[in-house]
Colleague: 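Next up is a structure, given as structure tokens.
A quick note: this is a predicted structure, and the numbers were derived from the prediction, not measured.
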Amino acid sequence: MKTELPIYIIIIPFAAAFILSCLAKLRPRYRKFLVLLATGIPMALTFFMLEPVRKGVILSYWLGNWQPLNGWAIGIGMAVDPLSLFMAVIIGVSTFLSGVYSFRYLENDHGVSKYYTLFLLLTGAMFAFVFSADLFNMYVFLEVMTVAAISLTIFREHKSGAIEAGFKYLITGTIGSSLVLLGVILLYSATGTLNLAQIGMKAADWNHPVVIFAFASLLTGFGVKGFLVPLHTWPPDAHMSAPSSISMILSGVLSKTGVYALIRVLYFVFQAMHLPAVQMLVIVWGVLTMVVGVIMALLQHDFKRLLAFHSVSQIGYIITALGLGTIFGATAGLYHLLNHVLFKCLLFLAAGAVLYRTHTTNLSELGGLVRKMPWTFTFFTVGAFSISGIPPFNGFASKWMIYKATAATGFYPVTMIAILVSTLTLASFVKVLYSAFLRKPTALVANISEAPFSMLLPMGLLSVGCIITGLFPEAVIEKVLSPVAGSLFVPGQYYAALFGHSFLNIGPTFSLPVFWQPLVWLLTFFLILVGLLFFVKLSKAGPLKSAGSLSNESGTVFTGGESAANSNPGADDLYWGLKHVFAPLFNWLRKAHSGVINDYAGWIVWTVVIVNLYLLIAL
Amino acid sequence: VINMNYIVSMLLMVMGLYCILQKENLLKIVMGLGILDNGLNLLLISTGYRRNGLAPILSGPDKKLMMVDPIPQALTLTSIVIGVCVTALALAIIVKVNEHYHSISAHEIRRLQG
């Protein structure tokens with residue numbers, strides 16, 4: 001019975017999505033009930049798997065009962081190890097809360113039944129993605145996730161921003177998926193199998209250029225989903241324009257499936273984390289992500305866009321910690337992953353509550369919400385303090401572990417940068433707290449009231465989660481994180497769960513196609529790709545209209561005389577000094593985010609080329 | 001032996017990427033995606049090819065060693081279907097883009113930036 005649970009968890013949301021799309025005229029009350037069931041039952045079922053997995057059993061399931069033949073996978077396998085279950089519980093709880101929140105949030109929108117169809121598709125696809133033990137299956141569910149997420153991003157199609165964000169997400173997301181597919185094809189051609197465990201078993205001789213190219217493609221492709229800089233161009237647009245209940249899923253959970261896939265690739269499929277070259281690559285990538293994310297966040301004056309860039313920055317922390325390749329680093333990274341889900345979902349829901357009442361997310365127009373929405377303010381403050389790493393909230397505990405883990409492995413500069421980024425995060429959230437909640441009320445917020453209860457409830461639960469995981473870090477680490485982090489370093493158990501313990505001496509029982517001569521082909525492809533990139537770089541027509549530089553005017557801050565009592569600095573003015581000092585860097589970064597989709601696509605191709613070159617040279 | 005299909009698939013992928021990176025017109029960008037997709041599909045189906053291979057039907061006498069690999073064929077079909085979905089979604093979004101911006105030039109669809 002237990003081994004079939006994963007398949008039920010996947011089927012229920014998909015079936016409910018199908019039923020909902022058939023019954024578009026269903027009364028809202030029944031529809032809500034159905035959505036609650038379709039997100040609540042999978043959540044409950046993930047809890048049922050906690051017990052066996054905690055005892056060290058890895059649940060495996062072969063679809064259609066196509067068991068391995070002579071130790072060779074011929075069917076599609078699924079496996080639930082501690083890491084998968086950890087992700088599944090996160091997905092289950094978040095989607096349930098998002099569903100509850102969306103009932104009131106979407107009451108004025110059209111086509112709500114389509115929203116829930118897509119929402120349940122997204123839920124089911126995320127579950128399937130983390131349970132799958134088959135690389136091509138992961139690609140398929142990645143695409144289902146992406147298509148559903150794009151459609152949800154453009155759900156409010158009357159907003160031009162939503163449409164634009166959807167298109168950019170589609171192009172960047174599809175290039176990412178194509179890179180994943182390329183990696184899958186190359187791995188299949190090199191190993192003759194698609195099963196994660198079976199590829200992992202053959203990982204011993206993975207020094208072949210083809211496998212390295214597949215490795216680079218998979219890293220970049222999943223990096224697009226987990227938004228590592230410079231593949232981070234879609235989330236700010238998409239998180240900003242999507243309904244907040246979806247921004248929460250995109251930022252809190254969908255990005256984590258990207259991180260999950262990176263962990264699977266790095267720790268299980270290639271078992272590469274003991275190689276210093278790979279560690280260095282992942283750490284540098286993570287540090288770049290956290291720095292660029294936080295700088296861009298400082299420049300924002302839209303509530304949700306700012307939160308989105310902070311997501312990018314926090315993913316950098318997670319990736320950096322996971323890149324250390326130590327069990328302590330992995331624990332810290334997973335802890336921060338869990339905490340990021342809690343506080344980022346909370347922050348997006350709070351932003352959504354503000355949007356729901358005031359119909360704007362522009363920080364320059366908001367102000368003085370603390371009197372009007374005291375509960376939202378309280379919950380937002382909990383989230384803001386958590387993400388900035390202020391004790392006793394959970395962000396402090398996990399960031400402290402990350403500092404210790406980086407210092408323990410000798411990456412002192414990384415520790416320094418991580419602390420600095422944390423400070424900048426706090427600065428940025430002080431700005432939000434001040435502009436949206438604490439400064440004098442603007443005209444816009446005169447007649448608004450507190451968010452409804454069904455929206456406050458998920459926020460409250462997430463706040464409690466933030467505080468509990470912050471107050472009892474030892475318990476969380478011992479009960480939750482240690483088993484998960486430990487499982488990353490014994491991939492053999494994962495293989496054994498699928499193929500039994502005699503997995504070591506298995507080869508294909510038939511000969512592989514000999515027609516394939518990958519090396520020549522790849523070399524040519526690679527050279528032409530580099531040539532194309534330089535051609536595109538050189539042939540770009542004159543500079544585009546500027547994205548707008550930071551002005552050196554200090555705004556309306558008045559520091560003397562009686563007017564000072566009445567000054568009400570806007571969101572842009574608060575860190576004027578900082579922006580003034582670093583204006584060249586900030587302007588360069590802001591100009592780089594030009595909004596042109598060709599540039600963003602180019603960054604992805606550059607990334608795959610650079611990662612590939614680095615790995616070819618370093619390994 | 002010149003493996004023509006690998007060369008063609010490589011060319012298709014690079015051509016697709018060229019369209020995505022270089023063309024301003026959103027429709028051409030989506031065409032680029034389609035070309036990239038087809039290049040990948042050709043590569044995928046080629047990995048299963050075997051000279052003088054037979055159709056992969058297991059019912060007869062033991063022809064296992066002469067069969068072409070059936071898995072890439074199934075994968076390619078899936079990949080084609082996914083490509084169609086993505087293209088349809090992209091074209092639908094372009095219609096909406098044109099309604100909002102009265103343009104389908106990538107250099108003008110950039111209200112979200114910085």
Side-chain angles (χ1 to χ4, degrees), chain A residues 136 140 143 147 150-151 154 157 160-161 163-168 170-171 174-175 177-178 181-182 184-185 188-189 192 194 236-237 240-241 296 299-300 305 510-517 521 524-525 528-529 532-533 535-536 539 544 547-548 590-591 593-598 601-602 605, chain B residues 1 3 6-7 9-11 13-18 20-24 26 29-30 32-33 36-37 39-41 43-44 46-51 53 64-65 67-69 71-72 74-75 78-79 82-83 85-86 89-90 92-94 96-97 99-101 106-107 109-114:
Chain A
F136 190 79
V140 171
E143 280 285 14
V147 168
I150 293 166
S151 313
I154 58 172
E157 40 143 28
S160 64
I163 299 292
E164 181 182 340
F167 188 77
K168 289 177 182 170
L170 188 133
I171 300 296
T174 309
I175 295 175
S177 311
S178 299
L181 181 59
L182 180 62
V184 174
I185 297 171
Y188 180 77
S189 69
L194 290 165
D237 298 350
M240 177 182 169
S241 319
M296 288 307 292
L299 299 177
Q300 303 305 318
R305 196 171 173 84
F510 52 89
S511 63
L512 292 169
V514 288
F515 192 60
W516 166 241
Q517 292 176 344
W521 177 83
T524 333
F525 176 62
I528 294 186
L529 202 59
L532 169 78
L533 280 171
F535 174 73
V536 169
S539 70
L544 290 160
R590 173 175 277 197
K591 278 219 186 73
H593 292 77
S594 61
V596 180
I597 183 64
N598 309 95
V605 184
Chain B
V1 184
N3 297 336
Y6 292 117
I7 294 168
S9 85
M10 167 193 78
L11 283 177
M13 283 160 67
V14 173
M15 273 157 57
L17 282 175
Y18 169 79
I20 297 168
L21 264 53
Q22 190 71 351
K23 293 294 172 191
E24 264 187 54
L26 297 191
I29 293 178
V30 173
L33 274 187
L36 173 65
D37 217 37
L40 278 167
N41 288 338
L43 174 64
L44 186 49
S46 304
T47 56
Y49 177 76
R50 168 169 311 201
R51 200 177 305 273
K64 252 179 46 206
L65 293 177
M67 289 188 327
V68 295
D69 189 353
I71 293 177
L75 303 189
T78 318
S79 162
I82 292 172
C85 297
V86 170
L89 184 60
I93 295 177
I94 290 177
K96 282 284 174 190
V97 167
E99 277 176 22
H100 282 286
Y101 291 76
H107 288 187
I109 318 296
R110 48 197 282 265
R111 285 180 203 165
L112 304 175
Q113 53 173 277

Colleague: Partners of A:Ser160 by side-chain hydrogen bond (donor to acceptor under 3.5 Å, both in side chains), sequence neighbours excluded?
Modeller: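 Expected list: B:Arg111.
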
Colleague: If the condition is side-chain hydrogen bond (donor to acceptor under 3.5 Å, both in side chains), which residues does A:Ser178 pass it with, not counting sequence neighbours?
Modeller: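 side-chain hydrogen bond (donor to acceptor under 3.5 Å, both in side chains) check on A:Ser178 returns nothing, list empty.
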
Colleague: Looking only at heavy atoms and a cut-off of under 4.5 Å, which of B:Thr78, B:Leu75, B:Ile29 has the most pairs with chain A?
Modeller: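 Highest number of heavy-atom pairs under 4.5 Å: B:Leu75.
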
Colleague: Checking heavy atoms, do the side chain of B:Leu36, its backbone, both or neither come under 4.5 Å from chain A?
Modeller: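 For B:Leu36, side-chain heavy atoms alone lie under 4.5 Å from chain A.
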
Colleague: What part of A:Phe167 gets closer than 4.5 Å to chain B, counting heavy atoms only: side chain, backbone, both or neither?
Modeller: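 A:Phe167 touches chain B through backbone and side-chain heavy atoms alike.
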
Colleague: Counting only heavy atoms closer than 4.5 Å, note whether A:Ser177 contacts chain B via side chain, backbone, both or neither.
Modeller: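 Answer is neither: A:Ser177 stays 4.5 Å or more from chain B.
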
Colleague: Sort out for me which of A:Ile171, A:Ile597, A:Leu533 touches chain B most, counting heavy-atom pairs under 4.5 Å.
Modeller: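 Among the listed options, the one with the most contacts to chain B is A:Ile171.
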
Colleague: Check whether A:Glu143 gets within reach of chain B through its side chain, its backbone, both or neither, counting any heavy atom under 4.5 Å.
Modeller: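 For A:Glu143, the side chain is the part near chain B, not the backbone.
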
Colleague: With chain A, which of B:Asp37, B:Val30, B:Ile71 has the greatest number of heavy-atom pairs at distances under 4.5 Å?
Modeller: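 Max contact count across the listed options: B:Ile71.
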
Colleague: Is it the backbone or the side chain of B:Ile20 that comes under 4.5 Å from a heavy atom of chain A, or both, or neither?
Modeller: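 Both backbone and side chain of B:Ile20 come within 4.5 Å of chain A.
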
Colleague: Working to the nearest 0.5 angstrom, can you tell me the gap between A:Ile163 CD1 and B:Ile94 CD1?
Modeller: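 Taking CD1 in A:Ile163 and CD1 in B:Ile94, the distance rounds to 11.5 Å.
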
Colleague: Using modelled atom types only, decide if a donor and an acceptor are shared between the side chain of B:Gln113 and the backbone of B:Arg110 within a distance under 3.5 Å.
Modeller: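 Yes; judged by distance alone, with no hydrogens or angles, the pair exists.
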
Colleague: Taking A:Ser594 for the side chain and A:Lys591 for the main chain, is one N or O donor matched with an acceptor at less than 3.5 Å?
Modeller: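 Flag not set: sc A:Ser594 to bb A:Lys591 has no pair under 3.5 Å.
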
Colleague: List the atom of B:Gly39, the atom of B:Ser9, and the distance in Å for their closest heavy-atom pair.
Modeller: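 Taking B:Gly39 first and B:Ser9 second, the nearest heavy atoms are O-CB, 3.4 Å.
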
Colleague: With only heavy atoms counted, which part of B:Leu33 is less than 4.5 Å from chain A, the side chain, the backbone, both or neither?
Modeller: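 The side chain, not the backbone.
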
Colleague: Is there side-chain contact between A:Val140 and B:Ser79, with at least one heavy-atom pair below 4.5 Å?
Modeller: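 Side chain of A:Val140 against side chain of B:Ser79, heavy atoms only: no contact under 4.5 Å found.
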
Colleague: At a 4.5 Å cut-off on heavy atoms, which part of A:Val147 comes close to chain B: side chain, backbone, both, or neither?
Modeller: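 A:Val147 touches chain B through backbone and side-chain heavy atoms alike.
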
Colleague: Can you check side-chain contact (heavy atoms from CB on, under 4.5 Å) on A:Asn598 and B:Gln22, steps first, answer last?
Modeller: CA-CA 6 Å; A:Asn598 309 95; B:Gln22 190 71 351; 5.9 Å; no

Colleague: Chain A: which of B:Leu11, B:Leu89, B:Val97 shares the most heavy-atom pairs with it under 4.5 Å?
Modeller: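 With the most close heavy-atom pairs to chain A, the winner is B:Leu89.
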
Colleague: With respect to chain A, which residue among B:Glu24, B:Lys23, B:Lys96 yields the maximal number of heavy-atom pairs within a distance under 4.5 Å?
Modeller: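 Max contact count across the listed options: B:Lys96.
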
